[in-house]
Amino acid sequence: MEQRSLHLPDSSVLRRLCGPRNEHLRLIQEQLDVRVGSRGEDLHIAGSPEAVDRAAELLKQLYELAEEGFALYPEDVDQGARLFTRDRTVDLRSIFLDTVMVNSKGKAIGPRGPGQKKYLDAIRGNDIVFSIGPAGTGKTYLAMAMAVASLLDRKVGRIVLCRPAVEAGEKLGFLPGNLAEKVNPYLRPLYDALHDLLEDERAHELVERGTIEVAPLAFMRGRTLNDAFVILDEAQNSTGEQMKMFLTRLGFGSKAVVTGDVTQIDLPPGRCSGLLEAKRILGRVDGISFCYFTDFDVVRHPLVQRVIQAYERDDDECSARTMEQPGEEAGNPGESDCTPVTSGNGGLAGRG
C-alpha cells in the first residue's frame with residue numbers, strides 16, 4: 001500500500017475538482033481502485049503503487065483543466081478516469097479542450113477520448129469520413145456538432161441529414177399517414193440531436209427555411225449537394241447501390257460523414273450492407289478517412305459499455321462452441337445450442 005499527497009494551492013479550483021460532496025473523488029476511487037481524501041489544500045491518495053501513480057496524474061490533469069476554466073462534470077471525471085485505466089500517458093487537455101461548439105444548454109461539445117479526437121481531426125482534414133462502431137460512441141452526435149458549427153461559422157451554406165428508413169428506405173407504403181408521417185419516426189434521432197445542439201426556436205427556423213434538411217436516404221437520388229455538410233446516419237442499413245448514390249451526390253465545397261454500426265444491420269437476408277461494401281472498396285482512396293470505434297469509446301451510461309462487451313463475449317463463445325462441436329449435442333444430432341447469426345446482424349446474437 002502506497003500513500004501520496006498532492007498540494008493544490010487554489011482552493012476554489014480544488015473545490016471544483018472534488019465536485020459537490022466530493023462526488024468526483026468517489027468516481028476516481030471506483031474507477032482506479034484507490035482511496036482519495038481531501039484536507040485543506042491537499043489531496044491524499046492511497047492504493048497500490050501503480051494505481052496511485054495513475055490517480056495522481058489524473059488529478060493533476062483535471063486540476064489543470066479546472067484552472068483553465070473547463071467546467072468539470074461528473075461524466076467528464078468518470079470518462080477521464082476510464083481513459084487512465086488503460087493509458088496513464090493520455091493527455092486530457094488535448095482532448096477535452098478541443099471544443100467544437102457550445103450547445104443550447106451552455107455545455108461545451110467536444111471529444112471525450114482519443115478515438116473521438118481522431119474522428120474530429122479526420123472530419124476537419126477530409127471531405128468524406130466513415131465512422132464505424134457500436135452505439136454510444138458519439139459517431140452521429142459529434143458529426144452533427146461539426147455540421148452545426150460549420151454552418152454557424154459560415155463554412156457551409158446548409159446541412160443535409162439523412163437516414164435509411166425501413167429496410168433502406170424503400171418499403172414505407174404499409175405505414176399509416178402521409179409521407180412525412182411515415183418517415184418521421186426514422187428521422188427522429190437526428191431531430192433530437194439537432195435540438196440538443198441548438199435552441200428549439202433556432203433549430204425550427206433553420207429546418208423551416210431549408211437551411212437544415214432532414215430526409216430519408218432514398219430522397220437523395222438525382223441531387224447535387226454543393227456548399228453542404230451532409231451526414232448519412234445508420235449507414236449499415238443502406239444497400240450498395242444507395243451508398244454509391246449517396247457518395248456521388250457530393251458537390252463543391254461540401255463534406256460528407258457516414259456513420260454506422262455493422263453489428264446492427266437490418267437489411268433482409270442476402271442483401272449486402274452498403275457500409276461494408278464501401279469499407280472494402282474505398283479503404284485506400286485518398287481524401288477518404290475511416291474511423292473505427294470500440295466498446296472502450298462508449299461515452300453513454302457505463303452499463304452501455306458492459307452490455308456491448310457481454311454480447312460480444314456471448315457471440316464469441318457461441319461461435320466457438322458451434323465450430324468446435326458441431327452436431328454433438330446429446331439428443332440433437334446435427335444441431336448446436338447456439339446458431340451464428342446469418343441475417344446480417346454482423347456478429348451480435350441479439351439487439352437491445
Side-chain angles (χ1 to χ4, degrees), residues 1-99 106-121 133-134 136-138 293-310 312-313:
M1 178 74 69
E2 179 176 330
Q3 296 187 9
R4 189 180 306 177
S5 295
L6 290 179
H7 181 66
L8 305 173
D10 191 325
S11 58
S12 64
V13 174
L14 180 57
R15 284 195 297 271
R16 296 203 300 274
L17 169 60
C18 294
R21 297 179 294 279
N22 288 336
E23 179 182 5
H24 296 168
L25 299 186
R26 286 195 292 273
L27 290 171
I28 293 172
Q29 290 180 149
E30 293 171 4
Q31 288 283 1
L32 299 183
D33 193 23
V34 293
R35 294 200 308 270
V36 184
S38 62
R39 178 176 296 175
E41 297 176 344
D42 295 324
L43 291 179
H44 303 281
I45 312 167
S48 69
E50 182 180 359
V52 168
D53 285 344
R54 291 178 187 274
E57 181 60 28
L58 171 61
L59 287 164
K60 288 177 185 176
Q61 291 199 29
L62 291 175
Y63 180 81
E64 291 171 357
L65 283 168
E67 270 189 318
E68 297 190 34
F70 184 82
L72 286 175
Y73 292 91
E75 55 266 33
D76 299 320
V77 175
D78 186 68
Q79 178 66 11
R82 289 204 308 117
L83 293 176
F84 267 78
T85 62
R86 293 222 180 165
D87 182 8
R88 58 166 295 185
T89 66
V90 66
D91 181 6
L92 295 183
R93 292 180 71 260
S94 68
I95 298 172
F96 287 1
L97 295 181
D98 183 5
T99 300
K107 185 175 180 180
I109 304 300
R112 288 299 176 266
Q116 291 189 351
K117 170 66 173 171
K118 292 177 182 177
Y119 178 38
L120 293 180
D121 289 342
T137 51
F293 293 98
T294 68
D295 59 274
F296 180 67
D297 298 298
V298 171
V299 292
R300 288 183 184 168
H301 192 287
L303 278 177
V304 174
Q305 184 184 49
R306 296 176 208 162
V307 166
I308 293 169
Q309 291 171 338
E312 289 177 346
R313 284 194 302 270

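Residues forming a ring pair (Phe, Tyr, Trp, His ring centres under 6.0 Å) with F84 (at least two apart in sequence, or on another chain): none.
Using modelled atom types, one finds a donor on one side chain and an acceptor on the other under 3.5 Å when comparing Q31 with D78. Side-chain contact annotation: E75 with Q79, donor-acceptor N/O pair under 3.5 Å absent. Donor-acceptor pairing under 3.5 Å is lacking for the side chains of Q29 and R26.
Contact annotation: the side chain of P74 approaches that of H24 to within less than 4.5 Å [non-hydrogen atoms, C-beta and beyond]. Residues D76 and L65 form no side-chain contact, since every pair of their non-hydrogen atoms from C-beta on lies 4.5 Å or further apart. Counting only heavy atoms from C-beta outward, the side chains of L83 and R112 never approach each other to under 4.5 Å. You'll find the side chain of H7 reaches within 4.5 Å of the side chain of D42, heavy atoms only. Residues K107 and Y73 have side chains in contact (heavy-atom distance under 4.5 Å, counting atoms from C-beta outward). Here the side chains of L43 and L25 are in contact, with some heavy-atom distance below 4.5 Å. By the 4.5 Å heavy-atom criterion applied to side chains, Y63 and L6 are not counted as neighbours.
Counting non-hydrogen atoms of neighbouring residues, nucleotides and ligands closer than 6.0 angstrom, the NZ atom of K117 exceeds 12 such neighbours. Residue E50 qualifies as open at atom CD: its count of foreign heavy atoms under 6.0 Å is 12 or below. No more than 12 heavy-atom neighbours from other residues, nucleotides or ligands sit within 6.0 angstrom of CG on D33.
Comment: R93 engages E68 in a salt bridge, judged by a side-chain N to carboxylate O separation of less than 4.0 angstrom.
Between P9 and E41, the shortest heavy-atom distance links the atoms O-OE2, 3.2 Å. Across all their heavy atoms, D295 and P134 have their closest contact at N-CG, 4.0 Å. Of all heavy-atom pairs spanning S94 and D91, the tightest one is OG-O, 2.9 Å. Closest heavy-atom contact between L32 and A51: O-CB, 3.5 Å. Taking both residues in full, the closest heavy atoms of A46 and V52 are given as C-CG2, 3.9 Å, listed atom of the first, atom of the second, then distance. Between H44 and S5, the shortest heavy-atom distance links the atoms ND1-OG, 2.8 Å.
Classified by interplanar angle (parallel below 30°, tilted 30° to 60°, perpendicular above 60°), the ring pair F293/Y119 is perpendicular.
With values rounded to the nearest 0.5 angstrom, F296 atom CZ is found 6.0 Å from R82 atom CZ. Note that the CD atom of E23 and the CG atom of L72 stand 11.5 Å from one another [nearest 0.5 Å]. To the nearest 0.5 Å, the span separating CG on L97 from OG1 on T99 amounts to 6.5 Å.
Side-chain atoms of D297 come within 3.5 Å of backbone atoms of T294 as a donor-acceptor pair (strictly under, hydrogens ignored). With hydrogens and angles disregarded, no donor-acceptor distance shorter than 3.5 Å links the side chain of E57 to the backbone of R88. At distances below 3.5 Å, not a single donor-acceptor pair connects side-chain atoms of E2 with backbone N or O atoms of D53.
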Indicate every side-chain donor-acceptor pair of residues 13-22 with a distance under 3.5 Å to a residue at least two apart or in another chain.
unit_1: R16; atom_1: NH2; unit_2: A66; atom_2: O; d: 2.7

